Amino acid sequence: MTTDQYRRREIGLIQMAKQFFANRDGMTDDDYRAVLREVTGKTSSTQLDAAGRDKLLRHFKTKGFVVLPKPGTNKAATLREPQEKKLLAMWWALADVNAVTRPLSAEACHQAVEGWCRRQLAEHPLGPLDALRFATGEQMNVLVESMKQWGGRVDADIH
């Protein structure tokens, strides 16, 4: 994804958050602009740089905004985080060396990875984990590194 595509996506997410708070709390455009000014010092989301957009989205998330997949969307198709995609790719590499049972579909792979992730973090100080979509960045780092180590032990082609 290019820088401009990320920018458009983040601005779209900001607009979704604005609508979310308008629906949930009755936030007006003036309220939104006040929050925007307070959090970033700007009056329009189009004026924000990457750090400003990130700061504003983090603020909205602390206030309850969440991005949900569209109803009926395939879970495996909604993966957006690079670390989640990395985990899935590494699972396939583990299957190539018979370290795990080869999944029959992308959805089956996602379910297998999610189950493994829940088990990995069940007794970990950063755990437990209810679902992969709720994993923090720190949890994702632990999971990716754990799977890399596993891949190394079984000679899987994991980079």
Side-chain angles (χ1 to χ4, degrees), residues 1 5-27 32 35-36 39-40 45 48 50-154 156-159:
M1 203 179 280
Q5 289 171 321
Y6 275 115
R7 178 181 178 277
R8 285 190 304 237
R9 181 177 184 275
E10 289 170 340
I11 289 173
L13 289 172
I14 290 168
Q15 295 304 312
M16 286 173 59
K18 178 182 173 184
Q19 187 62 49
F20 170 83
F21 291 112
N23 292 341
R24 189 186 79 177
D25 303 329
M27 183 171 78
Y32 164 74
V35 169
L36 185 59
V39 173
T40 67
S45 60
L48 299 174
R53 291 188 302 272
D54 183 61
K55 186 176 182 181
L56 184 61
L57 284 169
R58 285 177 188 265
H59 171 78
F60 285 150
K61 287 177 182 177
T62 65
K63 301 298 181 190
F65 173 65
V66 292
V67 180
L68 299 173
K70 293 178 184 176
T73 303
N74 181 339
K75 267 193 211 176
T78 63
L79 294 177
R80 289 186 177 38
E81 295 297 321
Q83 290 172 311
E84 288 181 58
K85 290 179 181 179
K86 178 70 174 173
L87 287 169
L88 292 172
M90 290 190 295
W91 195 265
W92 287 108
L94 289 166
D96 287 343
V97 297
N98 296 318
V100 298
T101 303
R102 187 166 204 61
L104 298 176
S105 66
E107 182 65 27
C109 183
H110 184 269
Q111 289 172 354
V113 169
E114 189 155 315
W116 177 83
C117 291
R118 283 194 307 267
R119 289 188 301 277
Q120 284 296 111
L121 292 177
E123 301 297 323
H124 194 279
L126 294 174
L129 181 67
D130 292 328
L132 193 54
R133 69 179 181 271
F134 300 127
T136 65
E138 194 173 7
Q139 288 172 322
M140 291 300 291
N141 288 339
V142 166
L143 293 167
V144 167
E145 290 306 313
S146 294
M147 198 176 286
K148 280 182 184 177
Q149 290 172 2
W150 181 12
R153 288 191 302 270
V154 297
D157 187 19
I158 295 177
H159 303 302

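Since the model is a prediction, treat every value here as computed from it, not as a measurement.
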Sequence neighbours left out, cut at 3.5 Å: what donor-acceptor pairs do the side chains of residues 14-21 make with other protein atoms?
from  : atom 1 : to    : atom 2 : distance (Å)
Gln15 : NE2    : Ser45 : OG     : 3.4
Lys18 : NZ     : Asp29 : OD1    : 2.7
Gln19 : NE2    : Asn23 : OD1    : 2.9

For residues 89-100, tabulate all N or O donor-acceptor pairs below 3.5 Å that involve a side-chain atom, not counting sequence neighbours.
from  : atom 1 : to     : atom 2 : distance (Å)
Asp96 : OD1    : Arg102 : NH1    : 3.1
Asp96 : OD1    : Arg102 : NH2    : 3.3

Quiz: residues 55-64 side-chain donor-acceptor pairs under 3.5 angstrom, not counting sequence neighbours:
from  : atom 1 : to    : atom 2 : distance (Å)
Lys55 : NZ     : Val39 : O      : 3.2
Arg58 : NE     : Asp54 : OD1    : 3.4
Arg58 : NE     : Asp54 : OD2    : 2.8
Thr62 : OG1    : His59 : O      : 2.6

Enumerate donor-acceptor pairs with a distance under 3.5 Å from any side-chain N or O in residues 115-125 to protein atoms, sequence neighbours excluded.
from   : atom 1 : to     : atom 2 : distance (Å)
Arg118 : NH1    : Glu114 : OE2    : 3.4
Arg119 : NH1    : Gly115 : O      : 3.2
His124 : ND1    : Leu126 : N      : 3.0

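Here the straight-line distance linking atom CG of Leu88 with atom CD of Glu84 works out to 7.5 Å at 0.5 Å rounding.
Contacts of Arg53 classified as salt bridge (charged side-chain N to carboxylate O under 4.0 Å, His left out), with partners at least two apart in sequence or in another chain: Glu10.
The salt bridge (charged side-chain N to carboxylate O under 4.0 Å, His left out) pairs that include a residue from residues 134-146 are Glu145-Lys148, where partners are two or more places apart or lie in different chains.
Residues Val113 and Leu143 are not in side-chain contact: their nearest non-hydrogen atoms beyond the backbone lie 4.5 Å or more apart.
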